> 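Got a structure here, written out as structure tokens. Questions coming.
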Amino acid sequence: MQPLLIDDIERVRTRILTSTDRKGRDAELWRLVLRCARTAPFSFPWFTPFVAVITRDPQDIANAAEVLRRYIGKLDTMYFSTGLQFHFWCFAFPHAKWSLYFQWLCTLNAFDDAEAAEIAEQLIEYHFVNFLYGLRTKPEPECVDNQALSLALSATLLGYVFTQPPYASHMATIIRDEGLRRLPGILGDMPPSGYSGEGSSYMDCVNGPAVALAVELLERITGESDVLRRPFTTNGATPYAVLQMVAREWMPGGLLLPWDNYGYQFGVRAPLAYAAHKTGEPLFTDILHHEALWSYDIGTGWAYDDLPWTLIWWPHREHIATSASPRSWYEAQVGGALVSDDRQFYAMQMWDASTPIVPTRAHVNPNAVIFNAYGLPLSADGSPTPGGAPRFKFADTVRQVNFLTMGQIDEYNYGDGCGGAHSIVLVDDWEGLRNMTECPQIRHATANLAQHTVMCDVAPTYQERWSDISTMIRRTTLCAQRFFVIEDYCHASAPHTWTMRYVLRPSFVPSESGIKIHTPEGVQLQLIPVLATPHVHTESVIGHPAKPDGASGIADFVYHGTNVHQLTLAWMSTTRTRGDAVLRFAAVADAADAFSVAEARAHLSATDIYLDMQLPPYMEADVPILKRWWYHTVVAKPPTAAWLQLPVGMANPRIWLNTHELDLTPHRCTAELIAPQVAIPEHLRDAQELDILICVDVPVSHYEGGGDGTIGFTGGVWWMHPVDTEDVVAVHWHNDMLHVHSTQRDYHVPYTRLERVPDDTIRHN
Amino acid sequence: MTRYATIEAVLSQPAHIDPASRDADWRIRYAAAIAMAYQPDAHWLPLLHDMLLIEAQRPLYTQPVVQFSQGTGDTRMAEQIGPLTVSFDRAYDEATKDAWRCRGRVRQAVLFAIAAIGRASPELLDVLHSFIADPHEDFAVKAATARALGAIAHPSSLPYLQMALACDEWCTNREAAKALARMAR
């Protein structure tokens, strides 16, 4: 008996077990997974079955068997949870995974025959009464989303496992057939773009991982090959398109597009590994090798097994990307991203369909633009900080729901899904923009990636409320591989107020023209209206979106008239550059979380553990999995260094420079997703060397992120130096040429406006 | 015979369906209804009606708020392994707790069987209408009811399907819309 869904287990074992003989990201990942599973098997339970089938070590097998027993032990109690009763798809997927891992462990003789039979019966019956019920709740065939996909895949997977020898279960056969009957249709009825409309969170954590497993399952069950590129319905969608969209959601720097409900987050890795393994395309291998984080742990299909599947599907060595792959993309029903060749400058213009009436998941973002530069996000999008006073809450955007709980009524506001919370054009100040009926939302989407431009007319979105609006075109263009031009052309037969809104990361700083933000990492974005001077209004928002900053800034450029035609220059610049890494920190664990600074220093002076702060200690070295760690080094300070970049994802960090403790409070929220850069105090700028002492907590289980992903610090410590910033001095457009005069050079770019609009129709406030 | 073996027998041997529909264990009754849907025949309708009457006697939806040893019982529980314990506000008998485990599962399976048969007696139809009208009924049951009413296509169901169409829950209003469209043809 072979472990199911692993091609050639002996070859996989050999590849993984010998990976540590060489340097490589896969070796780094295997060491991490092995250490977690061995040192704390019940804190990292989702790693244990995989480690057991790879090592075949008796203790690893025993640990994994015990994990499975603990899972079985909780099944009955889960009946009394609102989760199992009403969100059954979240429980079906991990249940099917544990069923698969049970089969893996049976290949290792982890259970005697009687126990194995008893466990199998419990797994099968539980799925039969809970998740077959759940799957049948979803209307067929129109329910096509992460929930239906999870349920159909889970049924197919569990049914497959328990209809293979030695099993012959009628329940499993019914479950498998019901899943198999629906799974192809769900895959085939995904939008052809591959984007389900549910945002990066569900695309990345559910749809991508599910599609990879679905392809493997369907190929084994049906005997077909190349299911990855098969359109299952006339709709034209393929599993490949879903995986491609999962990859496209990655922005330079490693964060995913913040569109729709959950905002910015890190990406999972197994779908990329699978796509790279199957296709060898550089889009997937490139991200996997250069942008993926290993210390990020999140449920994929509500199971923390993303990293094991990443290793199982690790791409062939010949597929390792040797050069950067093009990252610009376009989908007619979704939007397009424009990325400079050096990946320093990124803009995405989106027009994916929003949900009418209650845009909870698929937000109203017609032609919204998202900016990213130097690997850092500049725009803000997502949902508000829980418990705060929401900036986007309107009288008609509060919904009461009583069908997902036991007798309670849940109230939630979906105002942050409306148009006003996005970088779009608002009409007549209606921030609650959304459609009330199912109707077309866009037309005339086009792109020319060779010319670095994407464009769409989203007038249909607005025409439901304003029938006189005929045109709402936005065209985004990357010019000279250096800056973007956002061209808006709005036309109506009656006068309106047109607000070109940009929702940005904090904070606004003074600007001689337009508006400018300066992020905590020293990256700047300046937006400059080129053709006409608008009324400019800025607003600082606390509590929206929750990530990365728990705050944002709204910049509104306001016009009145029947038409508005504007070019807006989006200019990004950095004020800092990264220097050398600070390496080789002495490290000690603070097992009782009780060291004083003096005690920590004393222990550090005696330690023989030296680490580079690239990952939590137990992922970097053979040390215990303990929560609190202290690090120390004394290093020569480069004369011009003015900041230290710390690892991203540090929990409860404290840092002392030459015994002076720095205030990290301003970085507390942002540092979860973006590496903080702390200023070296003025009195230490001329120091010859710095004594750096750091105290930080690391996650000691899968679960510390509370369901939203667990991040252990990563990325190391770096010196940051000031640079001469390239700022815009002047910009104007004349005779189809755009002239940008910066502090470092002049840019003269051919730029033809979409079409002429009589200037007298624009009345400036 | 173990419960697992009994369910397997119900699903593979039609002779086991009739007694299973009255079994004390709701999981076996659930299996019986699923088996009926795979062999749809009007002669099952009295049994299906009786099964709904059994469910009507059970406190399916009276579970109070409970406390768990891990978390709050929401979707995050899905990712965890045990041990896991639950605390109730007071002691309850096992029959009551088993009704809470079951909620609308047997009802849904019965409704799918009725939908597969495509017919219902007036008395059975009245029961189905009551599911739609009951504000406390689970959405899985309401959605399955709308589907069954669409398959039966009796004019008396129209106001109930309109009621289901107005329901805020997507599965229910989607099944109602499909049922109404089917009846309009």
Side-chain angles (χ1 to χ4, degrees), chain A residues 42 45-46 67-88 90-95 98 121-122 124-125 128-130 132-134 136-139 142-143 169-171 173-174 299 302-304 399-404 406-408 702-703 706-707, chain B residues 2-5 7-12 26-27 30-31 34 38 61-66 68-86 88 97 100-105 108-109 112 135-136 138-140 142-144 147 167-172 174-175 178:
Chain A
F42 306 111
W46 289 95
V67 165
L68 199 91
R69 289 186 194 102
R70 291 188 183 193
Y71 174 72
I72 294 292
K74 77 163 190 171
L75 292 180
D76 185 62
T77 307
M78 287 202 301
Y79 272 110
F80 304 104
S81 68
T82 56
L84 179 83
Q85 293 291 352
F86 301 108
H87 303 263
F88 24 76
C90 310
F91 292 73
F93 208 159
H95 186 77
W98 282 121
E121 290 182 3
Q122 291 181 80
I124 294 167
E125 185 193 284
F128 185 66
V129 298
N130 290 296
L132 180 65
Y133 156 79
R136 285 161 34 120
T137 298
K138 295 296 184 183
E142 56 275 73
C143 189
S169 161
H170 295 289
M171 273 187 271
T173 302
I174 288 174
W302 300 275
Y304 285 77
R399 186 185 186 205
Q400 293 187 328
V401 168
N402 68 349
F403 51 78
L404 292 175
M406 297 180 188
Q408 302 97 319
H702 291 306
Y703 304 115
Chain B
T2 65
R3 182 170 71 203
Y4 181 88
I7 293 175
E8 287 288 299
V10 168
L11 295 174
S12 58
W26 63 265
R27 294 168 183 82
Y30 168 86
I34 285 179
Y38 274 92
Y61 304 130
T62 60
Q63 183 186 315
V65 174
V66 297
F68 290 95
S69 55
Q70 288 184 9
T72 58
D74 62 14
T75 57
R76 284 169 286 193
M77 184 180 285
E79 302 160 339
Q80 297 168 345
I81 60 165
L84 175 69
T85 57
V86 60
F88 298 94
K97 288 196 280 192
W100 297 341
R101 292 184 182 95
C102 174
R103 294 187 72 91
R105 285 164 177 73
Q108 187 216 46
F112 271 75
H136 303 295
D138 270 6
F139 79 86
K142 285 179 183 282
R147 179 167 163 158
C167 180
D168 198 20
E169 196 281 316
W170 185 82
C171 297
T172 304
R174 178 58 55 167
E175 292 290 6
K178 287 159 61 179

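Given the structure is predicted, the values throughout are model-derived calculations rather than measurements. The sequence lines fix the lettering, A, B, ..., with proteins before strands; numbering per chain opens at 1.
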> Side-chain contact test, heavy atoms from C-beta onward, threshold under 4.5 Å: evaluate it for A:Y71 versus B:Q80 and give yes or no.
no
> Spell out, as yes or no, whether a donor-acceptor pair under 3.5 Å connects the side chain of A:K74 to the backbone of B:M77.
yes
> Do A:E121 and B:E8 have side-chain heavy atoms sitting under 4.5 Å apart?
no
> Non-hydrogen atoms of chain A under 4.5 Å away: do they reach the side chain of B:K178, the backbone, both or neither?
side chain
> Need one label for B:R103: side chain, backbone, both or neither, based on atoms under 4.5 Å from any heavy atom in chain A.
side chain
> Are A:Q85 and B:W100 close enough that some pair of their side-chain heavy atoms sits under 4.5 Å apart?
no
> Compare all side-chain heavy atoms of A:Y79 with those of B:V86 and state whether any distance is below 4.5 angstrom.
no
> Given that the side chain runs from C-beta out, which part of A:I124 has a heavy atom under 4.5 Å from chain B: side chain, backbone, both or neither?
side chain
> Tell me, do B:R76 and A:Y703 make a side-chain contact under 4.5 Å, heavy atoms counted?
no
> Where does A:P94 contact chain B at under 4.5 Å (heavy atoms): side chain, backbone, both or neither?
side chain
> Where does B:V10 contact chain A at under 4.5 Å (heavy atoms): side chain, backbone, both or neither?
neither
> Could you check whether any side-chain heavy atom of A:N130 comes within less than 4.5 Å of a side-chain heavy atom of B:R105, counting everything from C-beta outward?
yes
> Could you tell me which residues satisfy side-chain contact (heavy atoms from CB on, under 4.5 Å) with A:H87, sequence neighbours excluded, listed by chain and number?
A:W89, A:C90, A:L404, B:T75
> Any side-chain heavy-atom pair from B:Q70 and A:T77 closer than 4.5 angstrom?
no
> Less than 6.0 Å separating the ring centroids of A:F80 and B:F88?
yes
> With distance as the sole test, does B:E79 use its side chain to make a donor-acceptor pair with the main-chain N or O of A:G707 at under 3.5 Å?
no
> Counting only non-hydrogen atoms closer than 4.5 Å, does A:F91 touch chain B with its backbone (N, CA, C, O), its side chain (CB onward), both, or neither?
both
> Name the region of B:A140, side chain, backbone, both or neither, that has any atom closer than 4.5 Å to a heavy atom of chain A.
both
> Identify which part of A:F128 has an atom lying under 4.5 Å from any heavy atom of chain B, answering side chain, backbone, both or neither.
both
> If you count heavy-atom pairs within less than 4.5 Å of chain A, which of B:V66, B:L11, B:T85 leads?
B:L11
> Are B:R174 and A:E142 close enough that some pair of their side-chain heavy atoms sits under 4.5 Å apart?
yes
> Name the option with the most non-hydrogen atom pairs under 4.5 Å to chain A; the candidates are B:T172, B:V65, B:D168.
B:D168
> Check each atom of B:A31 against the heavy atoms of chain A and say whether the ones under 4.5 Å are side chain, backbone, both or neither.
both
> Checking B:F139 now: which residues fulfil ring-ring contact (aromatic ring centres under 6.0 Å, His included) with it, not counting sequence neighbours?
none
> Given a strict heavy-atom distance threshold of 4.5 Å, which part of B:A5 is in contact with chain A: side chain, backbone, both, or neither?
neither
